[in-house]
Trainee: 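Let me give you the structure first, and then I'll get to my questions.
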Amino acid sequence: MDVDTAKRAAGTAAAALVDDGARVGLGTGSTSRWFVLALAQRVRSGLRVTGVATSEETAQLAIEEGIPLGELDGGGLDVAVDGADAVDDDLRLIKGAGGALVREKIVAAAAARFVVVVDDTKLHGHLAGVIPVEVIPFGSEHTLRLLAATGAEFAFRQRNGRPAMSDNGNLLAEGMFGRIEDPEGLAARLDAIPGVVGHGLFLGMADLVVVGRADGSVEQRSPAAPGDRVAAGG
Ligand code: 5RP
């Protein structure tokens, strides 16, 4: 009865949503890991899928577990399943604590359906916290100063006393944000900075959020239909 039970419940429930023959985006992180393990179990029972991994770490896991892998360039994806660091009431996400945000966003955007798997500690009324930003090494200190103008202090993530690098060979800047009142505005400002490859705000992308709880139960949340919030008095 802990957070890992909740992550496992979400990942396992998402694996049940994958159809035979599907091309599937495989996310990165501890909740996605449960998804990959549950999907691999279905593959061993005869399900045919082609996985496209969002990180070297996930590719390695998929290979070990016997999930056939393919390239994104081989065609679109039927579904992508990935974790998140925060989910707000409008199913907007912060992602990228694992540093795989750029590949994760490319894969999520290429999928007909983007399914997010989280434990319930990730649910918040509004977005706040660390937003990772992948930055090319050229002019990176200058890019860091431009990032700071968005209202948060940014620093490069460190690993073993050295700047951490993404699978793409880029740096990972991190900014700590309090309550983000205008996620779309912030995303536009980050997108407009030369040197930024991508950032951890995934807005309007989630088609379904599968929430796992510590008792092993799951809840599925879909985006509100246009007008729902107004109709509900919000
Ligand atoms: C990696 C990610 C992860 O999906 C996110 O950090 C959630 O991880 P976890 O499931 O371990 O809590 O975005 O880049």
Side-chain angles (χ1 to χ4, degrees), residues 2-15 24-39 51-62 72 77 79-88 91-111 113-124 127-135 156-159 164-177 180 183 187 190 196-203 205-214 216 218-219 221:
D2 56 10
V3 75
D4 210 41
T5 305
K7 288 173 186 242
R8 182 178 191 161
T12 304
V24 187
L26 308 175
T28 295
S30 56
T31 319
S32 294
R33 184 173 179 278
W34 284 118
F35 165 71
V36 172
L37 294 177
L39 186 65
V52 172
T54 54
S55 64
E56 304 298 335
E57 180 187 321
T58 296
Q60 187 59 41
L61 177 66
L72 186 54
L77 300 174
V79 63
V81 178
D82 205 345
D85 303 306
V87 180
D88 78 0
L91 307 191
R92 295 177 292 194
L93 317 173
I94 297 176
K95 283 186 49 53
L101 57 135
V102 168
R103 293 190 190 190
E104 290 174 337
K105 197 175 277 187
I106 292 170
V107 166
R113 193 174 190 216
F114 180 36
V115 176
V116 178
V117 285
V118 291
D119 64 82
D120 59 356
T121 67
K122 306 287 183 65
L123 302 177
H124 304 283
L127 294 182
V130 173
I131 298 188
V133 179
E134 186 162 324
V135 168
F156 288 116
R157 188 183 296 183
Q158 303 291 311
R159 191 179 297 142
M165 306 298 279
S166 73
D167 285 349
N168 310 310
N170 293 315
L171 295 157
L172 293 161
E174 295 181 319
M176 173 59 96
F177 286 82
I180 301 168
L190 293 171
V196 165
V197 183
H199 55 77
L201 287 170
F202 285 48
L203 311 179
M205 296 185 77
D207 296 302
L208 181 71
V209 177
V210 179
V211 183
R213 302 194 187 279
V218 293
E219 175 202 342
R221 294 190 177 187

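In this chain, residues are counted from 1 in sequence order. Both backbone and side-chain heavy atoms feed into the values below; hydrogens, waters and symmetry mates do not. Every number for a ligand or one of its atoms is a count from 1 in the order of the listing. As the structure is a computational prediction, the values presented were derived from the model and not from experiment.
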Trainee: Give the residue and atom name of whichever protein heavy atom lies nearest to atom 2 (C) of ligand 1, and the separation in Å to one decimal.
Mentor: Glu104 OE2, 3.3 Å
Trainee: Under 3.5 Å, is there a donor-acceptor pair between the side chain of Asp85 and the main chain of Gly96?
Mentor: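 Checking the backbone N and O of Gly96 against the side chain of Asp85, a donor-acceptor pair under 3.5 Å is found.
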Trainee: Can you list the ligand 1 atoms lying under 4.0 Å from a non-hydrogen atom of Lys95?
Mentor: 2 (C), 3 (C), 4 (O), 13 (O)
Trainee: Where is the nearest protein heavy atom to atom 11 (O) of ligand 1: which residue, which atom, and how far?
Mentor: Ser30 OG, 2.5 Å
Trainee: Please confirm whether Leu101 comes within less than 3.5 Å of ligand 1 when only nitrogen or oxygen atoms on both sides are compared.
Mentor: no
Trainee: Give the numbers and elements of all ligand 1 atoms closer than 4.0 Å to a heavy atom of Gly29.
Mentor: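 Result: 11 (O).
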Trainee: At what distance is the nearest protein heavy atom to atom 12 (O) of ligand 1, and which residue and atom is it?
Mentor: Lys122 NZ, 2.6 Å
Trainee: So if I count the atoms of ligand 1 from 1 in the order they appear, which ones are less than 4.0 Å from some heavy atom of Asp82?
Mentor: 4 (O)
Trainee: Of all the atoms in ligand 1, which lie at a distance below 4.0 Å from a heavy atom belonging to Lys7?
Mentor: 9 (P), 10 (O), 11 (O), 12 (O)
Trainee: Give the residue, atom name and distance (to 0.1 Å) of the protein heavy atom nearest atom 4 (O) of ligand 1.
Mentor: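 The closest one turns out to be Thr28 O, 2.7 Å.
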Trainee: Any donor and acceptor pair, going by atom type alone, linking the side chain of Thr31 with main-chain N or O of Val118 inside 3.5 Å?
Mentor: no
Trainee: Which one of Leu93, Leu208, Val211 satisfies the side chain to side chain contact (heavy atoms under 4.5 Å, CB included) criterion with Val116?
Mentor: Leu93
Trainee: Between the side chain of Asn168 and the main-chain N/O of Asn170, is any donor-acceptor distance below 3.5 Å?
Mentor: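 Side chain of Asn168 to backbone of Asn170: no pair is present.
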Trainee: Can a donor-acceptor pair be found, under 3.5 Å and without considering hydrogens, that links the side chain of Glu174 to the backbone of Leu172?
Mentor: no
Trainee: Check contact between Gly96 and ligand 1, using heavy atoms of the residue and a distance below 4.0 angstrom.
Mentor: yes
Trainee: Do Glu56 and Arg103 meet the salt-bridge criterion of a basic N to acidic O distance under 4.0 Å?
Mentor: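 Answer for the salt bridge query: yes.
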Trainee: Where's the contact between Ser55 and ligand 1, heavy-atom distance under 4.0 Å: side chain, backbone, both or neither?
Mentor: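 Neither; no heavy atom under 4.0 Å.
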Trainee: Taking the side chain from Lys7 and the backbone from Gly212, do they hold a donor-acceptor pair closer than 3.5 Å?
Mentor: no
Trainee: Of Asp119, Asp2, Asp120, which meets salt bridge (charged side-chain N to carboxylate O under 4.0 Å, His left out) against Arg213?
Mentor: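 Of all the options given, the one that passes is Asp120.
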Trainee: Heavy atoms, side chains only, cut-off 4.5 Å: are Phe177 and Leu201 in contact?
Mentor: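 When only atoms from C-beta onward are counted, Leu201 and Phe177 do not touch, as no gap falls below 4.5 Å.
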Trainee: As an exercise, identify every atom of ligand 1 less than 4.0 angstrom from a heavy atom of Gly99.
Mentor: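 Those atoms are 14 (O).
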Trainee: How far is atom 5 (C) of ligand 1 from the closest protein heavy atom, and which atom is that?
Mentor: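 Checking every protein heavy atom, the shortest distance to atom 5 (C) of ligand 1 gives Asp85 OD1, 3.1 Å.
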Trainee: Using a 4.0 Å heavy-atom cut-off, which part of Asp119 comes near ligand 1: side chain, backbone, both, or neither?
Mentor: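 None of Asp119 does.
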Trainee: Are the side chain of Lys105 and the backbone of Phe202 linked by a donor-acceptor contact shorter than 3.5 Å?
Mentor: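 Side chain of Lys105 to backbone of Phe202, a donor-acceptor pair under 3.5 Å: no, none is there.
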Trainee: Among all protein non-hydrogen atoms, which one is nearest to atom 10 (O) of ligand 1, and what is the separation to 0.1 Å?
Mentor: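 Ranking protein heavy atoms by distance from atom 10 (O) of ligand 1, first comes Thr31 OG1, 2.6 Å.
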Trainee: Can you name the atoms of ligand 1, numbered from 1 with element, that are less than 4.0 Å from a heavy atom of Gly83?
Mentor: 4 (O)
